[in-house]
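Here the structure is laid out as structure tokens; the discussion comes afterwards.
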Amino acid sequence: MDANTDATRTDATRQRVADSALDLIFRDARTYYGWLPKPVGEADLRALYEIAKLPPTSSNICPQRIVFVVSPEAKEQLRPCLKPGNVDKTMAAPVTAVLGIDTAFYEHLETLAPHAVDRRETYIADPDLAWRAAFRNATLQGAYLLLAARALGLDCGPMSGFLHDAVDETFFPGGRVKSNFLVNIGYGDPASLRPRAARFDFDDVCRIL
Ligand SMILES: Cc1cc2nc3c(=O)[nH]c(=O)nc-3n(C[C@H](O)[C@H](O)[C@H](O)COP(=O)(O)O)c2cc1C
């Protein structure tokens with residue numbers, strides 16, 4: 001359960017990452033719809049989680065739960081849950097991460113957030129507040145997972161085109177964990193790329209006050 005370092009930043013360690021790292025994680029990274037026939041093993045998934053678990057969530061609530069769908073049998077369980085346009089790419093991906101949200105994340109406050117343990121009753125009394133905290137922070141953790149995968153040289157294809165009830169029933173039985181989105185993970189086939197769509201420029205969407 002321990003977070004793995006208590007490193008203190010110094011001017012020597014607080015350096016901008018190399019441009020090649022920014023290329024890998026942001027500039028050249030794309031959303032992939034097809035996959036090279038190169039496997040992603042359990043060690044890769046464990047290494048991915050070790051990185052992705054570290055960025056922040058509010059009060060460190062860590063509400064994300066993940067099922068890594070790898071085996072052909074598990075892939076077949078996922079197939080009927082997918083919107084038609086997402087079936088082929090998902091069946092071909094070495095791994096599909098089913099990202100879930102623990103709606104009762106507050107049951108772990110004693111371990112994860114001893115400083116905020118009294119928030120448990122607040123969350124129980126206000127399910128809407130609890131859901132918003134869970135959804136916000138689990139979604140952040142989904143983004144961290146995407147960027148961590150890219151940083152480790154993997155490619156991703158996130159998807160929201162699936163039947164939530166079916167995924168929940170199949171991969172998160174019991175009702176406590178709700179699906180958020182899916183992420184295909186592997187080594188992307190460049191032939192599957194679509195042209196990069198535009199992004200807003202700074203002045204279109206940002207203001208400095
Ligand atoms: C949360 C989320 C859900 C998405 N859902 C789907 C989907 O269901 N099917 C699909 O083909 N692409 C899906 N996408 C892919 C996006 O369209 C793609 O990431 C975006 O256009 C940026 O593409 P780029 O990374 O190649 O620039 C989704 C992306 C995200 C982040």
Side-chain angles (χ1 to χ4, degrees), residues 17 19-36 38 40 45 48-49 51-53 55-57 62-70 74-103 131-172 177-202 204-206:
V17 296
D19 245 22
S20 56
L22 297 178
D23 289 344
L24 182 73
I25 301 168
F26 296 101
R27 298 189 190 109
D28 295 341
R30 296 293 314 281
T31 297
Y32 282 85
Y33 302 99
W35 304 96
L36 300 174
K38 186 176 169 188
V40 176
L45 298 177
L48 171 60
Y49 180 74
I51 303 283
K53 74 181 185 183
T57 54
C62 303
Q64 176 162 270
R65 304 292 177 264
I66 307 173
V67 176
F68 289 109
V69 176
V70 178
K75 280 291 187 76
E76 285 307 317
Q77 286 187 292
L78 183 57
R79 183 193 288 274
C81 308
L82 299 167
K83 294 276 175 73
N86 286 332
V87 171
D88 290 347
K89 59 173 91 94
T90 303
M91 290 302 127
V95 178
T96 305
V98 182
L99 305 187
I101 305 167
D102 183 1
T103 58
W131 170 247
R132 279 186 284 121
F135 180 68
R136 178 186 308 118
N137 287 282
T139 302
L140 275 173
Q141 290 188 284
Y144 302 149
L145 186 88
L146 295 179
L147 298 181
R150 290 171 165 188
L152 293 176
L154 293 161
D155 294 306
C156 296
M159 295 171 294
S160 48
F162 64 93
L163 306 172
H164 283 262
D165 288 350
V167 164
D168 293 354
E169 208 171 291
T170 306
F171 296 100
F172 300 120
V177 177
K178 302 289 181 199
S179 51
N180 191 2
F181 62 101
L182 312 179
V183 187
N184 287 331
I185 300 173
Y187 299 91
D189 180 356
S192 73
L193 287 175
R194 304 168 183 168
R196 175 86 106 177
R199 300 295 198 266
F200 287 116
D201 288 330
F202 185 96
D204 294 329
V205 291
C206 307

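Start at 1 and go down the list; that is how both ligands and their atoms are numbered.
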Dump all N/O pairs between ligand 1 and the protein below 3.5 Å as a table: atom names plus distance, one pair per row.
from: ligand 1; atom 1: 5 (N); to: S160; atom 2: N; distance (Å): 2.9
from: ligand 1; atom 1: 5 (N); to: S160; atom 2: OG; distance (Å): 3.4
from: ligand 1; atom 1: 8 (O); to: N86; atom 2: ND2; distance (Å): 2.9
from: ligand 1; atom 1: 8 (O); to: S160; atom 2: N; distance (Å): 3.2
from: ligand 1; atom 1: 8 (O); to: G161; atom 2: N; distance (Å): 2.9
from: ligand 1; atom 1: 9 (N); to: N86; atom 2: OD1; distance (Å): 2.9
from: ligand 1; atom 1: 11 (O); to: K89; atom 2: NZ; distance (Å): 2.9
from: ligand 1; atom 1: 14 (N); to: P158; atom 2: O; distance (Å): 3.2
from: ligand 1; atom 1: 19 (O); to: T31; atom 2: OG1; distance (Å): 2.6
from: ligand 1; atom 1: 23 (O); to: T31; atom 2: OG1; distance (Å): 3.3
from: ligand 1; atom 1: 25 (O); to: T31; atom 2: N; distance (Å): 3.1
from: ligand 1; atom 1: 25 (O); to: T31; atom 2: OG1; distance (Å): 2.7
from: ligand 1; atom 1: 26 (O); to: R30; atom 2: NE; distance (Å): 2.8
from: ligand 1; atom 1: 26 (O); to: R30; atom 2: NH2; distance (Å): 2.9
from: ligand 1; atom 1: 26 (O); to: T31; atom 2: N; distance (Å): 3.0
from: ligand 1; atom 1: 27 (O); to: R196; atom 2: NH1; distance (Å): 2.8
from: ligand 1; atom 1: 27 (O); to: R199; atom 2: NH2; distance (Å): 2.8

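Here ring pair (Phe, Tyr, Trp, His ring centres under 6.0 Å) pairs that include residues 150-169, with residues two or more places apart or in two chains, are F162-H164.
Residues passing the side-chain contact (heavy atoms from CB on, under 4.5 Å) test with S160: none are found, sequence neighbours excluded. For R27, the side chain to side chain donor-acceptor pair (under 3.5 Å) partners two or more places apart in sequence, or in a different chain, are D23.
A donor-acceptor distance shorter than 3.5 angstrom exists from the side chain of D204 to the backbone of D201, with no hydrogens or angles considered.
Shown here is E76, whose CD atom has more than 12 heavy atoms of other residues, nucleotides or ligands within 6.0 Å.
In this structure, K89 fails the cation-pi test against Y33, since its NZ or CZ atom is not both closer than 6.0 Å to the six-membered ring centre and inside 45 degrees of the ring normal.
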